[in-house]
Amino acid sequence: MQKVQEIAEKIRTMEIRGAGRIAKAAAEAIRDYAAELDVASMEEFSARIKEVSNLLISTRPTAVSLPNAVKLSSKYSSANVEEARQEIIKNANLFIERADKALEKIGKIGSRRIRDGDVIMTHCNSHAALSIITTAFEDGKDISVIATESRPRRQGLLTIRHLNNFGIPTTLIVDSAVRYYMKEVDKVVVGADAIAANGALVNKIGTSQLALAAHEARKSFMVAAETFKFSPSTIIGNPIEIEERAADEVVDPAVISELSHVKVRNPAFDFTPAEYIDMIVTDIGIIPPAMAYTVIKEHLGWELGEV
Ligand SMILES: O=P(O)(O)OC[C@H]1O[C@H](OP(=O)(O)O)[C@H](O)[C@@H]1O
């Protein structure tokens, strides 16, 4: 349990971050916990698995990859502890393998839409979006990237370091310069924390203003998302919760401690409506946002009544 608590804390504090990475970390945590779980009965086994599943899911509320990973990994059908344990180990490993392959597939598929000479704008730090960009570059396409800083956590600095390691010409801009530079951009490529049944995208705060600026300038807006980032519970009407993080990520508490009329808001994500999205590059191919429902039904194997 202590190891799971440590992983949960790393996810909560964003030492482990990125919707795909937290999903994989959760799958690994459940697998390792199940492997070592010493219980006297099946009831105890079920209760302990449920407890760690809930703990992991509670760490970050928005990225649906997290509950999807937990649900897919902690599945078992046997009423025998040893068999159930092996089922969880197998399912978690399958999920992890599928997640790695998905990133590779998204890179291959999405990079075909990148043209020689393209200037690509990206936001935050998405491993799926970066897979598209770096694959296009490794295929010999002469591309460059404009990367946003992504306040308040500045994940843009991870992105520019990653792109620099590949030798990709990159420009770092502050988030508020997005519209100013949009005229130089050919394509916007971003990741996803969740995709709702209506095709709306939930991604790092500021994504929707990139989409708006791209739409205004008639530039293509591409989302890179593994199928496990689609949200089953939105089919039955549950809204996706937007995580609001601590004010001290935005400003030093000392600066505002005496300003009695000021409060700080720090939502980590925003919604981009489907009409601003040209395509979603997934591990099962490029789809329009309107196909989100089909992905949830057919590729996540979701059944009405399950959620
Ligand atoms: O799964 P990958 O593509 O890496 O990232 C997807 C998204 O997860 C990140 O969230 P955070 O930085 O963990 O809050 C960003 O919003 C990013 O676009």
Side-chain angles (χ1 to χ4, degrees), residues 7-28 56-69 95-96 98-107 109-111 120-135 145 147-163 175 178 188-196 200-211 221-231 240-246 249-250 266-272 277 280-283:
I7 301 284
E9 200 43 33
K10 283 184 181 169
I11 295 174
R12 203 188 307 278
T13 56
M14 293 178 68
E15 190 180 326
I16 299 174
R17 54 146 296 281
R21 293 265 162 110
I22 61 179
K24 267 180 67 179
E28 283 165 9
L56 288 162
I57 289 172
S58 72
T59 53
R60 294 197 72 191
T62 304
V64 74
S65 50
L66 183 57
N68 280 348
F95 178 83
I96 294 161
R98 186 178 144 199
D100 287 336
K101 281 200 184 132
L103 273 185
E104 217 182 295
K105 283 186 192 159
I106 288 170
I109 296 168
S111 65
I120 299 162
M121 187 178 272
T122 191
H123 185 48
C124 196
N125 178 252
S126 157
H127 301 89
L130 287 172
S131 179
I132 294 178
I133 295 168
T134 56
T135 306
V145 176
T148 58
E149 181 192 17
S150 309
R151 281 274 295 154
R153 303 282 302 212
R154 307 181 86 203
Q155 291 96 325
L157 302 186
L158 298 171
T159 295
I160 59 169
R161 192 162 299 131
H162 186 79
L163 293 169
D175 303 324
V178 155
V188 176
V189 183
V190 296
D193 285 83
I195 294 175
L201 164 71
V202 178
N203 193 47
K204 185 53 57 195
I205 189 77
T207 301
S208 66
Q209 67 196 13
L210 253 82
F221 188 89
M222 193 192 271
V223 178
E226 299 91 323
T227 46
F228 59 78
K229 296 198 179 141
F230 288 71
S231 168
I240 295 170
E241 182 188 338
I242 298 292
E243 173 183 8
E244 181 139 0
R245 297 187 62 86
E249 288 188 346
V250 177
N266 184 21
F269 305 100
D270 65 17
F271 289 95
T272 299
I277 300 168
I280 305 176
V281 184
T282 77
D283 37 307

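For ligands, and for the atoms within them, numbers begin at 1 and follow the listed sequence. Worth saying up front: this structure is predicted, and the values here are computed from it rather than measured.
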Where does R60 meet ligand 1, judged by heavy-atom distances below 4.0 Å: at the side chain, the backbone, both, or neither? side chain
May I ask you to identify, for A128, whether its side chain, its backbone, both or neither come under 4.0 Å of ligand 1 on a heavy-atom basis? both
[X] versus ligand 1: do any nitrogen or oxygen atoms come within less than 3.5 Å of each other?
X: G18; result: yes
X: R21; result: no
X: A19; result: yes
X: A129; result: no
X: E226; result: no

Residue pairs fulfilling salt bridge (Lys or Arg N to Asp or Glu O under 4.0 Å) with at least one residue in residues 7-18, sequence neighbours excluded: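 Output for this query lists E9-R12.
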From OG1 (T62) to CZ (F269), nearest 0.5 Å: 5.0 Å
Nearest 0.5 Å, what's the CD1-CD1 distance between I132 and I109?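 Between I132 CD1 and I109 CD1, I get 9.0 Å after rounding to 0.5 Å.
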[options]: member with heavy atom nearest to [atom]:
atom: atom 4 (O) of ligand 1; options: H123, R17, H127, K229; value: H127
atom: atom 7 (C) of ligand 1; options: I16, I11, D193, L201; value: D193
atom: atom 3 (O) of ligand 1; options: A194, G191, A192, S126; value: S126

What is the closest protein heavy atom to atom 18 (O) of ligand 1, and at what distance does it sit? N203 OD1, 2.6 Å
For atom 14 (O) of ligand 1, grab the closest protein heavy atom and report residue, atom and distance to one decimal in Å. K204 NZ, 2.7 Å
Closer than 3.5 angstrom, by distance alone: can the side chain of [X] be matched with the main-chain N or O of [Y] as a donor-acceptor pair?
X: N203; Y: F271; answer: no
X: D270; Y: G206; answer: yes
X: T134; Y: L130; answer: yes
X: T159; Y: C124; answer: yes

When you check the gap from the basic side-chain N to the acidic O, do K24 and D100 get nearer than 4.0 Å?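 Result for this pair is yes, salt bridge flagged.
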Please identify each residue that fulfils side chain to side chain donor-acceptor pair (under 3.5 Å) with N266, with sequence neighbours left out.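 If we apply the side chain to side chain donor-acceptor pair (under 3.5 Å) test to N266, skipping adjacent residues, the hits are E249.
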With a 4.0 Å cut-off on heavy atoms, is R153 touching ligand 1? no
Give the numbers and elements of all ligand 1 atoms closer than 4.0 Å to a heavy atom of F269.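 Listed by number with element: 10 (O), 14 (O), 16 (O).
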